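One structure is given here, and the rest of the page talks about it.
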Amino acid sequence: MAKEVRYGIIGCGMMGQEHMRNIALLDSCSVAAFFEPDAAMAAAASALVPDAYAATSLADLLQVKALDCLLIVSPNFRHVAQMQEIAATRPLPLLVEKPLYTDPGDAAALAAFRDGYPAPVWVAMEYRYMPVIAAFLDQAAVETGGIRQLSIREHRFPFLEKVGDWNRFNRYTGGTFVEKCCHFFDLMRLALGSEPVRVMASGAQALNHLTEAYDGQTPDILDSGYVLVDFANGTRAMLELCMFAEGSTYQEELSAVGPKGKIEAFVPGPGRFWPPHLGDAPVAKLVSSPRMPKGPRVHDIPVDATLLDAGDHNGSTFYQHQKFAELVRGTRSAPEVSLKDGWAAVAMGIAAQESIRTGAAVDPTPWMAPR
């Protein structure tokens, strides 16, 4: 039997509760303690993990002796300060949700954390672990003969309501292309095996949240746009985002093309949003289209219904925790998604936001992790 892995969770909103449901599905894994300052969310978390200690603060959580690892799922703008407190008090193996940070001014603090933290840090990039995207990444080099162009499209629902409505404002999220899209920038770097050198973007707040007000302030979060990225190895990638397109059959569509052919991945959105009158929710698909002989090959990539019910990310949260637990147990030598990876994905998002603001092409290098 595998060694028990006991989590301490910081933040138990919608995503924190998804983590809890998936941890419960893993062998020899449990939540020993959590900290959630919102009373309603804390009650929901307690219902999911009734045996876990409900801490009154992060400092209180860090005093729980039973912990083997920590998971940060708090609002974006709190990550860095919480990482610093953990480093100063109880530096356990750490899984921190994306985005790693939101404020470019945090670079020095992050570098100090990176250089001094004695335990492994894994940045949560769930999209890598969606089974169809994992298959896409695994087969792309062979099917394309080497990716030259990569396209990612996300057509989805607007931002959901969060505690305190923090996700309505750029100052708390880092902006849509940091908050939401760092997943996709991470996939670009991973698939193309290179670093970004130029980012060009166009985006807007076209429809969403324009009639809302919070403490007299109208949300400024973007809901749509395009991002083009040039990479050092001569490849290029594009992201298309629309957050008022929830009527789509598939939420994400990825396409990689090279000299031998094309491979595509089609990812459905959360099953709980699929209209029941349309029957069963769509299944993820992987499509390979060689240049010769012509003719696409279509493969369904189903996900276990239990995993689909446990969250909104096509089973990926479960598979991510499987691998993170191996890291905590010592049977995996290093994080699969490093601090550098999480940092670079945010840097690309910051560059996209800056390109939208200025209308100019932007070099993301100044925001990348310093050596």
Side-chain angles (χ1 to χ4, degrees), residues 15 72-73 75-77 79-80 83 94-107 109-111 113-114 120-130 133-134 136-137 147 150-154 167 170 172-201 203 222 225-233 235-241 252 254 313 316-317 320 323-324 334-356 362-371:
M15 191 62 201
I72 294 177
V73 206
N76 303 353
F77 61 97
H79 291 180
V80 173
M83 290 162 63
L94 177 62
L95 177 63
V96 56
E97 261 295 348
K98 65 81 192 167
L100 179 64
Y101 70 103
T102 59
D103 183 351
D106 283 334
L110 270 173
F113 172 88
R114 176 200 62 191
V121 180
W122 185 308
V123 181
M125 291 289 187
E126 281 84 16
Y127 280 67
R128 287 191 183 201
Y129 301 101
M130 292 180 177
I133 293 182
F136 174 92
L137 293 168
I147 303 172
L150 175 67
S151 175
I152 301 175
R153 171 189 288 174
E154 181 171 61
N167 65 338
N170 290 329
Y172 298 130
T173 63
T176 297
F177 288 92
V178 171
E179 202 287 333
K180 181 68 203 73
C181 300
C182 60
H183 276 305
F184 304 126
F185 299 134
D186 175 63
L187 291 178
M188 289 178 184
R189 289 180 65 250
L190 182 63
L192 297 175
S194 185
E195 296 296 347
V197 295
R198 184 169 65 163
V199 175
M200 298 156 282
L222 305 183
Y226 296 90
V227 183
L228 293 173
V229 185
D230 289 341
F231 285 83
N233 64 358
T235 60
R236 49 190 47 85
M238 182 182 78
L239 170 66
E240 176 187 334
L241 175 71
E252 287 91 20
L254 286 72
H313 295 85
S316 62
T317 305
Q320 177 179 252
K323 296 190 174 188
F324 178 68
E336 201 163 76
V337 189
S338 68
L339 200 68
K340 178 182 177 182
D341 293 326
W343 196 321
V346 171
M348 294 170 71
I350 292 172
Q353 294 281 148
E354 184 68 7
S355 180
I356 290 167
V362 174
D363 177 3
T365 306
W367 295 291
M368 303 289 273
R371 296 189 180 185

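This one's a predicted model, so the numbers in the text were calculated from it and none came from an experiment. Computed over heavy atoms, backbone and side chain alike; hydrogens, waters and symmetry mates excluded.
Of the possible donor and acceptor atoms, one in the side chain of Gln320 sits under 3.5 Å from a partner among the backbone N and O of Met125. Counting only distance, with no hydrogens or angles, the side chain of Trp122 and the backbone of Ala334 share no donor-acceptor pair below 3.5 Å. The backbone N or O of Ile72 sits nowhere less than 3.5 Å from a side-chain atom of His79 that would complete a donor-acceptor pair. Using a distance-only test at 3.5 Å, with no hydrogens or angles considered, no donor-acceptor pair links the side chain of Asp341 to the main chain of Val123. Remark: the backbone N or O of Leu190 is not paired with any side-chain donor or acceptor of Arg128 at under 3.5 angstrom. Side-chain N or O atoms of Thr235 include none that pairs as donor or acceptor with a backbone N or O of Leu192 at under 3.5 Å.
With sequence neighbours left out, the ring pair (Phe, Tyr, Trp, His ring centres under 6.0 Å) criterion links His183 to Tyr127. The side-chain contact (heavy atoms from CB on, under 4.5 Å) test applied to Pro196 returns Arg189, Val229, Phe231, Met348, Pro364, Met368, not counting sequence neighbours. The ring pair (Phe, Tyr, Trp, His ring centres under 6.0 Å) search around Phe77 returns Tyr172, not counting sequence neighbours. The salt bridge (Lys or Arg N to Asp or Glu O under 4.0 Å) search around Glu154 returns Lys180, not counting sequence neighbours. Remark: Ala134 pairs with no residue by the side-chain contact (heavy atoms from CB on, under 4.5 Å) rule, at least two apart or across chains. Checked against salt bridge (Lys or Arg N to Asp or Glu O under 4.0 Å), Arg114 has no partners two or more places apart in sequence or in another chain.
Taking all atoms of both residues into account, the shortest heavy-atom contact from Asn170 to Gly175 is OD1-CA, 3.3 Å. Listed here is the closest heavy atom pair of Thr102 and Thr173: CG2-O, 3.3 Å.
Between Glu126 and Met15 the shortest side-chain heavy-atom distance falls below 4.5 Å.
From Phe184, atom CZ reaches atom CG of Leu150 across 11.5 Å, with rounding to the nearest 0.5 Å.
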